[in-house]
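Data block below; observations after.
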Amino acid sequence: MTKEELLYRLKDIEWDDLEVKEASGGIPKSMWETVSAFSNTAGGWIILGVSETKVKSVSTYKITGIEKAEKMEQDIISTLRSVSKFNVPILATAQLLDFNGKSILAFHIPVSANKPVYFGNNLNNTFVRIGSGDQRATDIEIDILMREKTFGMKSEMEVDGTGFKDLNTQSLQTYRQRIKDYNPDFRYNDLDDEQFCIKTGIINHGKLTFGGLLMLGKGEVVQEYVPHFWIDYIEIPGTTYSDADCRYTYRMPEQENIWEYFKVLLQRLRLYVDNPFMAGPDGFSPEDNSQLYCLREGLVNLLAHADYFSPMHSTIRVFNDRIEFQNPGRFAVRISDNPGKVKSVPRNPNIIALFRFARQGENAGYGIDKIMRWNKLTGLEVDFESDITSSTVTYPLPLLKSGQINSSKSGQINIDHFSQSIDMTRDDIVNSISKSGQINASKSGQNTDIPKGYKSGDESRSKNVEAMRNNPEISRKDLSKLLGISPSAIQRHIEFLKDSRIIIRLGSDRKGLWRVLK
């Protein structure tokens with residue numbers, strides 16, 4: 001930390017990673033609480049030689065300096081590196097700054113890999129950083145800190161008593177198909193299922209790893225070994241719980257494993273963002289830069305970095321004005337300072353690896369750069385919040401055109417009837433849309449007769465879909481006039497697009513809206 005950086009930080013209202021102490025009488029006793037708090041949370045700076053004066057909750061700071069700065073520095077560093085004061089060594093770094101002859105000491109306390117960190121040989125002297133203050137850790141927080149000793153390792157541990165038989169066969173097959181679709185050169189694509197699982201870390205020494213179990217296991221086996229596993233998805237018709245017309249319009253049923261949650265959640269989130277259709281197994285390509293792609297990165301981040309052994313569970317809340325992803329467990333690194341430079345520190349390395357094999361997650365970091373594209377696409381910034389118990393990523397939703405699905409409290413539409421039917425399989429989509437973009441439902445058993453008035457190629461379909469995208473309230477009569485074909489042909493055309501899962505109707509025929517899924 002330089003003098004300029006310190007002066008700049010002192011102008012802030014509050015900090016979660018910086019603490020100033022006057023230290024005029026020697027090493028302040030409260031320093032040890034801050035060392036514990038920073039070590040247990042996300043690290044930070046302790047500045048000695050600065051006094052704080054607070055008037056009506058407004059703080060002002062004065063550089064007072066400290067006497068015998070070099071001796072104090074050596075005493076503190078020696079204390080932190082030994083185990084006489086703390087239960088583990090604290091590998092702090094120190095800097096001596098001079099302000100017009102007044103000495104300031106700045107100590108950087110790194111986050112510890114050996115939590116909880118406490119002093120005085122007393123577990124009750126465990127502190128955490130909350131906002132700009134140090135707080136004594138609760139029993140629940142101490143339990144969380146103890147679980148973090150296995151951060152980055154737990155998902156790779158073997159689950160005694162499990163084996164290949166405990167995998168959900170359908171989940172494994174759809175997962176492998178996703179890899180073949182998006183990563184055809186993957187070196188294990190030609191192996192049989194059991195060898196594939198061994199090579200990809202789903203199985204180790206004949207047992208499922210926790211990551212493999214969570215990703216692709218049978219529901220009853222997952223619940224036996226990870227009893228708190230559950231991802232709660234709710235759509236709330238308001239901007240808060242209190243102003244909603246009802247508790248929720250849709251709540252997703254429980255799924256067997258992470259992969260099944262991922263498939264259903266991804267299709268559900270399509271309802272709330274613009275996402276141009278792209279011919280592919282799930283409607284977009286690995287190079288897609290749509291709003292849906294940004295949300296997908298947030299979803300993969302949620303699923304791959306959750307603390308599945310916490311009594312809490314992951315939640316997704318869709319309000320009228322935002323989508324919130326909340327996970328048990330804190331972010332492993334401080335994201336808010338410089339999101340573009342976040343390095344990968346995955347809580348569950350083999351789960352994120354399994355997503356990457358299928359090209360469903362970024363190859364580095366948390367996919368933060370892709371998440372941050374939300375700002376460019378919508379003009380709204382994604383918000384990241386984290387404390388010791390949970391972390392939240394919030395996507396503000398752009399204002400939609402009048403009448404769209406979340407434009408206002410009064411305009412809410414109950415879409416509860418449209419639930420897991422949108423969980424499209426690969427065959428559904430490949431059979432309904434060919435690589436050239438032509439309608440092709442011959443393999444799915446759907447009616448393949450082209451509606452009367454349906455023009456050659458996909459021109460008429462594109463016009464119909466674009467009209468619905470631009471005006472979700474457009475009537476069949478107006479569509480007929482716009483496309484220049486009869487109302488009966490429009491109706492057959494619409495049914496064709498519905499069967500192909502390109503559009504859906506939300507609400508009644510008279511007052512409802514069109515929703516373009518692709």
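Numbers here are sequence positions counted from 1. Worth saying up front: this structure is predicted, and the values here are computed from it rather than measured. The basis for the numbers below is simple: all heavy atoms, side chains too, and nothing from hydrogens, waters or symmetry mates.
- Side-chain contact between Asn301 and Val393 is present, with at least one heavy-atom pair separated by less than 4.5 Å.
- With Tyr175 as the aromatic partner, Arg178 does not meet the cation-pi criteria of under 6.0 angstrom to the ring centre and within 45 degrees of the ring axis.
- A ring-centre distance under 6.0 Å is found for Phe357 and Phe186.
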- Message: Walk me through whether Leu96 and Leu105 qualify under side chain to side chain contact (heavy atoms under 4.5 Å, CB included).
- Response: CA-CA 5 Å; Leu96 180 61; Leu105 281 175; 3.8 Å; yes
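- Within the 3.5 Å criterion, the main-chain N or O of Pro253 finds a donor-acceptor partner in the side chain of Gln255.
- Phe229 is linked by a ring pair (Phe, Tyr, Trp, His ring centres under 6.0 Å) to Tyr261, Tyr308, counting only residues two or more places apart in sequence or in another chain.
- Not one N or O on the side chain of Ser310 forms a donor-acceptor pair closer than 3.5 Å with the backbone of Asp307.
- One finds the NZ atom of Lys68 at 12.5 Å from the CD1 atom of Ile66 (value rounded to the nearest 0.5 Å).
- Inspection of the Ser112 and Asn40 side chains reveals no N or O donor paired with an N or O acceptor under 3.5 Å.
- Between Asn327 and Ser314, the side chains place a donor N or O and an acceptor N or O closer than 3.5 Å (distance only, hydrogens not considered).
- Remark: Glu67 CD is loosely packed, at most 12 non-hydrogen atoms of other residues, nucleotides or ligands lying under 6.0 Å away.
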- Item | Stepwise side chain to side chain donor-acceptor pair (under 3.5 Å) check, Glu156 with Thr209 | CA-CA 5 Å; Glu156 297 181 347; Thr209 60; over 6 Å; no
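- For CG of Asn122, the number of neighbouring non-hydrogen atoms (other residues, nucleotides, ligands) closer than 6.0 Å is greater than 12.
- Rounding to the nearest 0.5 Å places CG of Leu266 at 5.5 Å from CG of Leu292.
- In this structure, Tyr272 has its ring center no closer than 6.0 Å to that of Tyr395.
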- Task: Check step by step if side chain to side chain contact (heavy atoms under 4.5 Å, CB included) holds for Asn320 and Leu397.
- Result: CA-CA 8 Å; Asn320 283 359; Leu397 288 173; over 6 Å; no
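- In this structure, Glu324 pairs ionically with Arg322, as a charged nitrogen and a carboxylate oxygen lie closer than 4.0 Å.
- For the residue pair Glu260/Ser171, the side-chain donor-acceptor check at 3.5 Å is satisfied.
- No donor-acceptor pair under 3.5 Å is formed between the side chain of Asp383 and the backbone N or O of Thr392.
- The aromatic rings of Trp230 and His313 sit tilted relative to each other, their planes meeting at an angle between 30° and 60°.
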- Between Ile104 and Leu48, does a side chain to side chain contact (heavy atoms under 4.5 Å, CB included) hold up when you go through it step by step? CA-CA 6 Å; Ile104 301 294; Leu48 302 183; over 6 Å; no
- Could you check Val222 against Ile258 for side chain to side chain contact (heavy atoms under 4.5 Å, CB included), going step by step and ending with a plain yes or no? CA-CA 10 Å; Val222 174; Ile258 291 174; over 6 Å; no
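- Arg136 and Asn125 share a donor-acceptor pair across their side chains, judged by distance under 3.5 Å alone.
- In this structure, Phe127 has its ring center at least 6.0 angstrom away from the ring center of Tyr118.
- Aromatic ring orientation, Trp259 versus Phe355: tilted (interplanar angle from 30° to 60°).
- In terms of modelled atom types and a separation under 3.5 Å, the side chain of Glu22 and the main chain of Ser51 share no donor-acceptor contact.
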- Message: Test side chain to side chain donor-acceptor pair (under 3.5 Å) on Ser155 and Asn350; report intermediate values, then the result.
- Response: CA-CA 7 Å; Ser155 67; Asn350 62 345; 2.7 Å; yes
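- The side-chain heavy atoms of Leu302 and Phe325, taken from C-beta on, include a pair separated by under 4.5 Å.
- Counting only distance, with no hydrogens or angles, the side chain of Asn257 and the backbone of Gly217 share a donor-acceptor pair below 3.5 Å.
- Using a 4.5 Å cut-off on side-chain heavy atoms (C-beta onward), Leu123 and Ile142 make contact.
- Judged by distance alone, with hydrogens and angles left aside, the side-chain atoms of Lys62 form no donor-acceptor pair with the main-chain N or O of Glu52 at under 3.5 Å.
- For the pair Val382/Thr394, no side-chain contact is recorded, criterion being any heavy-atom separation below 4.5 Å from C-beta on.
- For the pair Arg268 and Tyr250, the distance from NZ or CZ to the six-membered ring centre is under 6.0 Å and the angle to the ring normal is within 45 degrees.
- Applying the salt bridge (charged side-chain N to carboxylate O under 4.0 Å, His left out) test to every pair with at least one member in residues 72-89, sequence neighbours left out, gives these pairs: Lys71-Asp75.
- Checked against side chain to side chain contact (heavy atoms under 4.5 Å, CB included), His228 has the following partners two or more places apart in sequence or in another chain: Pro311.
- Remark: the backbone N or O of Val117 is paired with a side-chain donor or acceptor of Ser36 at under 3.5 angstrom.
- Proximity of a side-chain donor or acceptor of Trp45 to a complementary backbone N or O of Leu6 within less than 3.5 Å is not detected.
- Looking at Val50 and Thr64, their side chains never come closer than 4.5 Å, going by heavy atoms from C-beta outward.
- Donor-acceptor pairing under 3.5 Å is recorded for the side chains of Glu158 and Asn204.
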- Going through the checks in order, is the side chain to side chain donor-acceptor pair (under 3.5 Å) test met by Ser30 and Lys21? CA-CA 9 Å; Ser30 62; Lys21 300 179 186 296; 3.1 Å; yes
- Item | Evaluation steps, side chain to side chain donor-acceptor pair (under 3.5 Å), between Asp232 and Thr315 | CA-CA 5 Å; Asp232 192 18; Thr315 63; over 6 Å; no
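- The backbone N or O of Gly101 lies less than 3.5 Å from a partner atom in the side chain of Asp98, making a donor-acceptor pair.
- Checked by atom type and distance alone, the side chain of Glu297 never pairs as donor or acceptor with a backbone atom of Leu295 at under 3.5 Å.
- Side-chain contact, Asp134 with Thr34: a donor N or O sits under 3.5 Å from an acceptor N or O.
- Contact check for Phe107 versus Ile76: side-chain heavy atoms found under the 4.5 Å cut-off.
- Judged purely by distance below 3.5 Å, without hydrogens or angles, the side chains of Ser39 and Lys115 never pair a donor atom with an acceptor atom.
- When only modelled atom types and interatomic distance are considered, Tyr225 and Gln223 share no side-chain donor-acceptor pair under 3.5 Å.
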